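Reviewing the structure listed below.
Lettering follows sequence order; numbering is per chain, from 1. None of these values were measured; they are calculated from a predicted model.
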Number of protein chains: 2
Amino acid sequence: MEKKTITIKDVAKEARVSAATASRALGNYGYVSDEARRKVLEAAKKLNYNHNLVAKSLRTHRTLIIGYLLPDITNPFYAGIARGIQDVAFEQGYNAIICNNDNDTTKTERFLKMFIRNRVEGIIYSTPFNKALEGMVEIAMKNGIPVVNCYGSTRVKALDVVTGDAEGGCYKVTQYLLSLGHTRIAFLKVLGSGISEKRFAGCKRAFEEKGLAMDPELILEANDYSQMSGYLTAKNFFSKKNKASALFAFSEQLGIGALKAAREEGIEVPGTLSLVAIDDIMAEMLHPPLASLSIPTYEAGRMAALLLFERIGGRVNVPSRQVMLEERLIMRESVSRVAMVNNEKEVSGEGGEISQEVKEVGEGEK
Amino acid sequence: MEKKTITIKDVAKEARVSAATASRALGNYGYVSDEARRKVLEAAKKLNYNHNLVAKSLRTHRTLIIGYLLPDITNPFYAGIARGIQDVAFEQGYNAIICNNDNDTTKTERFLKMFIRNRVEGIIYSTPFNKALEGMVEIAMKNGIPVVNCYGSTRVKALDVVTGDAEGGCYKVTQYLLSLGHTRIAFLKVLGSGISEKRFAGCKRAFEEKGLAMDPELILEANDYSQMSGYLTAKNFFSKKNKASALFAFSEQLGIGALKAAREEGIEVPGTLSLVAIDDIMAEMLHPPLASLSIPTYEAGRMAALLLFERIGGRVNVPSRQVMLEERLIMRESVSRVAMVNNEKEVSGEGGEISQEVKEVGEGEK
DNA sequence: AGAAATTCTGAGAACGTTATCATAAGCGAA
DNA sequence: TTCGCTTATGATAACGTTCTCAGAATTTCT
């Protein structure tokens, strides 16, 4: 009563042709007469034949699988990217294997090794810097597997890169706040995050253009991009006498934490404090709706996949490309024109010289 | 200058053993002397050998891959399940292929066919009823691929099922509201959703236990589980003279929509209206924090994967199992004791006889 | 020491496809 | 008719593993 699996040979026999012809008919390549094709397809249907892609892959050296390495699919930021990647993959007849590394070195290593062993045809990663990443990506590329970086660590050499215009986006946000009369703007950065520094550069540029100097005391450093960090850092800041009329949080989670802290301190948003964050995932749902720098995660994922499939399709000797996606400022009720002239200590001093060691952080959102 | 891929034979030659011995050493099975093992591993490292899992799969009939079919990874509800599945898969040395079917028949069919062709060892699905689903699941099981249903359509016959105790959870919520003095509770259901009916049954039970009858006019039917539907349905309800002191939305998105509508109508939550929703994904982040029936998505995913791996591990002739996960009520500020005795029309009549055609909805969250 | 059990090894087939190649059939042109 | 070209077909050899099996080497038991 053993159930034998149906192979292409069974189909061929049923259709009274050779296995080669059956393969051609089923795979839709080479020369096959209409008559033969009809017979083969009929036989395949009759026998409930399921094409074995494992065998096909072994023979053709094409698995129709790509790998995507991200920190955590539960984070909507990455889920958006993943969806973009998967949609393009689907269009190309490919499948994606998605792996959550939790920014963990061991997992990164294991997953990338698994990708290579499974002979994925390409890899996209969205993870921050991580010791294992660099080495494994190098190995993958040495094995002829193209690698694309989508909002991941730029310290790792990938073929192509998709990122947001962090500097430009933050420049826009700062410019906007300045245009509403805010000069005492607090920036909620993340300590040791490379991208955080890029973002901050945009803020600085807006200040410099206006000939304004930053107050170093308004530059806040959270430990990571989490909500709790935002809450703690903001809480601590609010407890000081040094006030700001606006706060720009470098992630939505940070912003949510800051909002909670503000509410607890009786600071009205946007009455007393205007608030802007980055990401724009659930910003609209919050109360008040959070003005945000929106990151087009889905589009980023699509773009990364498109670049990857170009490489898979054979365009190997093309120089590496850097796609920069615009980050749009979405104005919402959490921001208002500055209410009264700030009567506290005037901006002064040498103007925000921050010499922060730039190393990427191994946890948090990006 | 062609780069030859390194095979196990190359490793064997380098180590001066046979391919069979090399395979045993690398695969860690059978008898291998320490000496031979050492030589093989050394040679493998020296040559940068990458085990070819495609070939291995062909020979062993094991791909170490499972498939997971969900509506949309961007929906945090499913992302949680996915994460649970992936973590268990990782522990078992497996990979998961995740496919978004968008509740679309064509995609469902294509993905499931793809699963079978790729010889995945098991399938988990979380999608609502869908014509293609039933047939394809049957085909998969006929091909010996175990299928587990995790919060998906119960109209499709799967080996094992993981769901939440919808009836019991909603019973608890209703009981809780009743205990706070609310008798005029509006229920925001979804038209034609099977699970919605199960949930409602729990609500009814709580009413019946207290000897109370439901007011049919407080039973609201949204078109799907989306935020917009919640908004529209609630908005329409609020415009009528018939009031409620509490509203129970059957999804978080519905709840968010209702909250928005309430805010627009000047209805204070929880002052005038208490609000409870189901899911508990971002409920805590909202303002006011939303009391919720929490669904343990991550645990559900883990559980589903565990059941699946038991089947993959050979426990085939075990009767099908139904795991029911508790849904916990999380109390938060969106609910308060009923403020004043409702002076409107008293509950009366024949007590909520709802004869709604039970058919599952093809869109929305669950 | 000899028998029996255990450990180790390698040759060769098998997994289910497709690629290669040789050959044949059909057809229009010279 | 013969030649050349296109179309069609099947036998056979891969693809890179592991399985099977037979036999050699080693250890353990009488």
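One can place CZ of A:R62 at 11 Å from P of C:dA19, the figure rounded to the nearest angstrom. Taking atom NZ of residue A:K9 and atom C1' of nucleotide D:dA11, one finds them 11 Å apart after rounding to whole Å. We find that CG of B:L58 is positioned 12 Å from P of D:dT17, with the value rounded to whole Å. What separates CD1 of A:I6 from C1' of C:dT17 is a distance of 15 Å, to the nearest Å.
The side chain of A:H51 contributes an N or O atom lying less than 4.0 Å from OP1 or OP2 of C:dT18. At D:dG16, one or more side-chain N or O atoms of B:T5 fall inside 4.0 Å of OP1 or OP2 (strictly under the cut-off). OP1 and OP2 of D:dG16 both lie 4.0 Å or more from every side-chain N or O belonging to B:Y49.
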Between N or O atoms, less than 3.5 Å apart, protein on one side and nucleotides 24-29 of chain D on the other: list the pairs.
none

Distances under 3.5 Å between protein N/O atoms and the N/O atoms of nucleotides 7-11 of chain C, please, pair by pair.
unit_1	atom_1	unit_2	atom_2	d
C:dT7	OP2	B:Y31	OH	2.9
C:dT9	OP1	B:S33	OG	2.8
C:dT9	OP2	B:S33	N	3.0
C:dT9	OP2	B:S33	OG	3.4
C:dG10	OP2	B:S18	N	2.8
C:dG10	OP2	B:S18	OG	3.2
C:dG10	OP2	B:T21	OG1	2.8
C:dG10	N7	B:R24	NH2	2.9
C:dG10	O6	B:R24	NH1	3.3

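Below 30°, between 30° and 60°, or above 60°: for A:F90 and B:F111 the angle between ring planes is between 30° and 60°, a tilted geometry. Between A:Y151 and A:F77, the angle of the ring planes goes over 60°, which puts this pair in the perpendicular group of the 30/60° scheme.
Listed candidates were C:dT17, D:dT18, C:dG16. Nearest to the side chain of A:S23 is C:dT17.
The residues A:E134 and A:R155 are annotated as not salt-bridged, no charged nitrogen and carboxylate oxygen being separated by less than 4.0 angstrom.
Remark: the A:Y68 side chain and the A:Q86 side chain contain no N/O donor-acceptor pair separated by less than 3.5 Å.
With A:Q322 as the partner, the side chain to side chain contact (heavy atoms under 4.5 Å, CB included) test is satisfied by one option alone out of A:V161, A:N149, A:D160, A:T154: A:V161.
Contact annotation: side chain of B:R59 to base of D:dT18, donor-acceptor pair present below 3.5 Å.
Qualifying side-chain hydrogen bond (donor to acceptor under 3.5 Å, both in side chains) partners for A:E91, counting only residues two or more places apart in sequence or in other chains: A:R302.
Across A:I6 and A:V11, no two heavy atoms sit closer than the pair CG2-CG2, 4.4 Å.
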